[in-house]
Participant: 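Sending over a structure as structure tokens; questions will come in a sec.
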Amino acid sequence: MKKIILFMAIAALGATACDERPQSLTIDNALTAEEVAAGRLTPEVMWKMSRAGSSSLSPDGTRLLYQQTDYNMAENRGATTLWVEDLATKRATRLTDFASNNHSPQWSADGSAIYFLSDRSGSSQVWRMNASGGEATQLTGSGDGEGIPDVEGFGVSPDGKRIWWVQTVHAADRKSSDLYEDMDKSKARIYDDLMARHWDYWDEGDYRHIFVADLGAGLVTGGTDILGPEAAWDAPLAPYFDMDEIAWNPQGTQLAYTCKPLTGTEYAVSTDSDIFVYDVATGETTNICKPLTGKPCTEGEVRDLPVEMIGYDKYPVWSPDGTKIAFLSQRRPGNEADKARLFVYDCRTGEMRDLTEDFDYNAQNVVWEGEERLWFVAPIEATHQICRVALTDGEAEVVTAGDHDINAFTMAGGRIAAEVCTISMATEFFEVNPDDGAMTRISAVNAPVYDAVKMGEVRKRWVRTTDGKQMLTWVILPPDFDPAKKYPVLLYCQGGPQSVVSQFWSYRWNFQLMAAQGYVVVAPNRRGLPSFGQEWLDQISGDYSGQNIRDYLSAIDDVAREPWADETRMGCVGASYGGYSVYFLAGCHEKRFKAFIAHCGIFNFESMYGETEELFFLHNDYGGPYWDNENAVAQRSYAHSPHKYVAKWDTPMLIVTGEYDFRIPYTQSLEAFTAARMRGIPARLVSFEDEAHQVFRPQNSLVWNREFFGWLDKYVKQE
């Protein structure tokens, strides 16, 4: 991380940048003859798949712009390229090569050009290119990447006159070499408050800030840090730094953004982010969620707050005329899984309206259609569907239907283009009829893979729980399933803990990949998961070891009664909260399972409280700190920590972790591994030096899969 350096213009930039571009990465996604003959999805085949996303329709609705990432396993890296597809001809054209990473594409207002991020000059900067392709022009940075901060996200105003971008600034001294100039070789980090680390990095005083500047013919020559150079917080919010939390108004005169202007312990225990509006002409910032104080982001003080605006407020989206701002708001502070309500703020009157008050599902990916109707995505019964709501009546309507996940969409020229996946299909693009929700496939990014491999059947199964509810459970069968045979069975435990087991396609926990190795996969939407109403979702908070655990057992027992399910060969796998579930079930499964696999799971609630970072999560989900003896909810949670049940462990266990995981620190996995071995249980620890909470790097992923299936084959699959 480097201190802020303003962008400098230099001459003859384009030729120099092109001359110094690295050698193009070789991409060969062709399946081998052996892979085609086998006709099965394997980890190696999965990593040959192209990953498409970040799509948007051109302003006239005739073309689709998107990015695509492809990997070279031997090089252990990938390259991201930009594509445009003509919707009339179905012809897709690649606009960039594999010599650099090009991503986050955006259309110009008239559709003649695209803006995007590229590292072709040595650092990540903003570039512009004709929409038909050709040479690109650099808009930010020095050109050689030397000493210039990366641009991590950007947005060009609709009139093309201004640009915002996000880069890292040094706003606080945390390292000993910063505090003591004569100790420049010292490697100490020094803290006086919480949030010493976050997700996968230590806080060394560097934060993401938003800059605004005029956009002329050449390089951007300066910019205004709208948070202020000493603001020791991020916008957009850590740890995901989602650039959709920032938006220009249609006139290009104001910028709305999400910020949580808190530090230390206050930050660790709070979800109180707000929507701020920065005025380019005056330099003034207004907090629209705190109208009683009007405090700008750089002051950070909060008082006399409206009750309904003290949770997460995120994702501002301006109406086409710039008079209103739609955004998502959570009512309950400290609960990151509270209902995401769709609010509209009237910039003229200050009025706030909750448009989804009577709609018992979360809203996301909000898009305006004119001034009086909004479209959005909602998770509904383990799928994601497009919905709409009119400002006039506030009645939300579900437009699409089917077993799929619509993860994002854009609207233009009277058309809708959506990014869609299923358990059996990675993201592809579909056109959605705005009248009846009918969907027509646009792309075939991974057609060669789908043509060569067989996918297992996905069945929707409703299971009766111990308290008389109906629980949707996905059951994925092996390819060429024969009901006359018996198959080993895997119970999949979802993480989050409040994240839906939907029709998702994952390059880490892939149900079809598990089924292709000969396993029946049981994936229940246990208590505590979204898309079945807030009451179903809320049940898990303060009760990790309760009904949701019984739901797991209801699902696996229900499927185990099938004649094709071998109840003598069953395994249990999961990550994060799913890893907690594995550890807990290991102490109470009553011989159901032959093997367990826990990835980055919570093992010891007390040490977890002292090791993690965002404490609001534990306050909400555990009920509070472990020393609060008067707190019955908290004391029940800590009494049912998995480490209290190790004496009952009797089953082989594979434990996986990443050494940069600071959310559920890798020490939780070390504790569990020590306990298993000291109990004399067969156990293996796989610790990735360069991964955090998930495994992303190509070769690490193949190692992960080999260890995963090797463990299951050894202890579950064998007769």
Side-chain angles (χ1 to χ4, degrees), residues 4 104 106 115 117 126 140 149 151-158 162-169 171 207-215 223-263 267 270-291 293-302 309 311-319 322-330 340 342-345 347 350 352 364-368:
I4 175 175
S104 306
Q106 303 174 16
Y115 302 93
L117 288 177
V126 183
T140 62
V151 171
E152 301 188 29
F154 75 98
V156 176
S157 62
R162 296 187 178 94
I163 183 174
W164 65 258
W165 71 91
V166 172
Q167 71 182 50
T168 298
V169 305
Y207 303 94
R208 272 76 164 184
H209 283 193
I210 305 170
F211 288 76
V212 172
D214 292 335
L215 189 61
T224 300
D225 181 345
I226 67 173
L227 272 65
E230 297 181 357
W233 47 75
D234 298 287
L237 301 184
Y240 304 116
F241 306 110
D242 190 341
M243 300 301 157
D244 285 339
E245 293 178 3
I246 310 169
W248 281 113
N249 71 341
Q251 295 77 24
T253 58
Q254 293 182 317
L255 195 67
Y257 63 94
T258 303
C259 187
K260 188 170 85 169
L262 304 172
T263 60
Y267 187 101
S270 174
T271 58
D272 186 18
S273 68
D274 294 316
I275 306 298
F276 295 82
V277 176
Y278 172 79
D279 188 276
V280 175
T282 66
E284 294 181 354
T285 300
T286 303
N287 182 344
I288 69 170
C289 297
K290 304 290 189 292
T293 63
K295 291 293 184 181
C297 187
T298 52
E299 295 186 24
E301 183 183 353
V302 291
M309 294 294 166
Y312 273 137
D313 300 305
K314 295 183 179 182
Y315 300 113
V317 185
W318 294 85
S319 63
T323 64
K324 295 178 284 293
I325 302 174
F327 65 96
L328 303 182
S329 177
Q330 293 180 323
L342 175 53
F343 263 68
V344 171
Y345 169 78
C347 302
M352 293 276 194
Q364 60 193 54
N365 195 155
V366 177
V367 177
W368 285 89

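Owing to the predicted nature of the structure, the values given are computational and were not obtained by experimental measurement.
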Participant: Which pair of non-hydrogen atoms, one from D279 and one from T282, has the smallest distance, and what is that distance?
Facilitator: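 Looks like OD1-N, 2.9 Å.
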
Participant: Using 0.5 Å steps for rounding, measure from the OH atom of Y257 to the OG atom of S273.
Facilitator: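 That separation rounds to 12.0 Å.
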
Participant: Okay, side chain of K260, backbone of S270: is any donor-acceptor separation there less than 3.5 Å?
Facilitator: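 Answer holds: yes.
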
Participant: Can you tell me if E284 has over 12 outside heavy atoms packed within less than 6.0 Å of its CD?
Facilitator: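 No, the 6.0 Å shell around CD holds no more than 12 heavy atoms from other groups.
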
Participant: Drop me the distance from I246's CD1 to I226's CD1, to the nearest 0.5 angstrom.
Facilitator: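 The CD1 atom of I246 sits 7.5 Å away from the CD1 atom of I226.
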
Participant: First locate atom NE2 of H209, then atom CD of Q167, and finally report the distance between them rounded to the nearest 0.5 Å.
Facilitator: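 Rounded to the nearest 0.5 Å, the NE2-CD separation comes to 10.0 Å.
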
Participant: Looking at W318 and A247, would you say the former's side chain and the latter's main chain have a donor-acceptor pair under 3.5 Å?
Facilitator: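 Checking the backbone N and O of A247 against the side chain of W318, a donor-acceptor pair under 3.5 Å is found.
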
Participant: Can you list everything that forms a side chain to side chain contact (heavy atoms under 4.5 Å, CB included) with A232? Sequence neighbours excluded, please.
Facilitator: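 Partners of A232 under the side chain to side chain contact (heavy atoms under 4.5 Å, CB included) test: Y207, T263.
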
Participant: Would you compute the distance between atom SG of C259 and atom CG of N287 and round it to the nearest 0.5 angstrom?
Facilitator: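 Output value for this atom pair is 9.0 Å.
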
Participant: If the condition is side chain to side chain contact (heavy atoms under 4.5 Å, CB included), which residues does D214 pass it with, not counting sequence neighbours?
Facilitator: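 For D214, the residues satisfying side chain to side chain contact (heavy atoms under 4.5 Å, CB included) (neighbours in sequence not counted) are R162.
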
Participant: Give the C-alpha distance, both sets of side-chain angles, the deciding distance and a yes or no for side chain to side chain contact (heavy atoms under 4.5 Å, CB included) between L237 and K314.
Facilitator: CA-CA 9 Å; L237 301 184; K314 295 183 179 182; 3.7 Å; yes

Participant: Taking all non-hydrogen atoms of both residues, which atom of W165 and which atom of G223 are closest, and how far apart?
Facilitator: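 Closest pair (atom of W165, atom of G223, distance): CH2-CA, 3.8 Å.
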
Participant: Using every non-hydrogen atom in the two residues, find where L328 and Q364 come nearest and quote the distance to one decimal.
Facilitator: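 Here L328 and Q364 meet closest at CD1-CA, 3.9 Å.
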
Participant: Begin from the C-alpha positions of F211 and V169 and carry the test side chain to side chain contact (heavy atoms under 4.5 Å, CB included) through to its verdict.
Facilitator: CA-CA 11 Å; F211 288 76; V169 305; 3.6 Å; yes

Participant: Work out which heavy atom in M309 is nearest to a heavy atom in D274; give both atom names and the distance.
Facilitator: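 Smallest heavy-atom distance, with atoms named: O-OD1, 3.8 Å.
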
Participant: Okay, side chain of D244, backbone of Y315: is any donor-acceptor separation there less than 3.5 Å?
Facilitator: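 The answer is no, because no donor-acceptor pair under 3.5 Å joins these two groups.
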
Participant: Does L117 offer a backbone N or O that forms a donor-acceptor pair with the side chain of S104 under 3.5 Å?
Facilitator: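 Checked: no pair found.
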
Participant: Give, for atom CZ of F276 and atom CG of D313, the distance between the pair rounded to the nearest 0.5 Å.
Facilitator: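 Here the interatomic distance stands at 9.5 Å.
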
Participant: Give the minimum heavy-atom separation between A231 and A171, together with the two atoms involved.
Facilitator: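 Between these two residues, the closest heavy atoms are O-CB, 3.5 Å.
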
Participant: To the closest 0.5 Å, what do you measure between OH (Y240) and CD (E245)?
Facilitator: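 Those atoms lie 11.5 Å apart.
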
Participant: Check for a donor-acceptor pair, side chain of N249 on one end and backbone N or O of G322 on the other, with a separation under 3.5 Å.
Facilitator: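 The answer is no, because no donor-acceptor pair under 3.5 Å joins these two groups.
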
Participant: Using the side chain to side chain contact (heavy atoms under 4.5 Å, CB included) rule, take V317 and V367 through it: C-alpha gap first, then chi angles, then the decisive distance, then the call.
Facilitator: CA-CA 7 Å; V317 185; V367 177; over 6 Å; no

Participant: According to ring pair (Phe, Tyr, Trp, His ring centres under 6.0 Å), who are the partners of F327, at least two apart in sequence or on a separate chain?
Facilitator: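 Testing F327 for ring pair (Phe, Tyr, Trp, His ring centres under 6.0 Å), a comparison that skips the adjacent residues, returns F343.
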
Participant: Between T258 and P236, is any pair of side-chain heavy atoms under 4.5 Å apart?
Facilitator: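 When only atoms from C-beta onward are counted, P236 and T258 do not touch, as no gap falls below 4.5 Å.
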
Participant: Take V277 and I288 through the side chain to side chain contact (heavy atoms under 4.5 Å, CB included) test and state the conclusion after the steps.
Facilitator: CA-CA 7 Å; V277 176; I288 69 170; 3.8 Å; yes

Participant: Can any side-chain N or O of Q106 pair as donor or acceptor with the backbone N or O of F154 at less than 3.5 Å?
Facilitator: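 Yes; judged by distance alone, with no hydrogens or angles, the pair exists.
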
Participant: Which pair of non-hydrogen atoms, one from A235 and one from I210, has the smallest distance, and what is that distance?
Facilitator: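 So the minimum-distance heavy-atom pair works out to O-CG1, 3.4 Å.
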
Participant: Strictly distance-based, threshold 3.5 Å: is any side-chain N or O of W248 a donor or acceptor partner for the main-chain N or O of P158?
Facilitator: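 Not a single qualifying donor-acceptor pair exists.
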
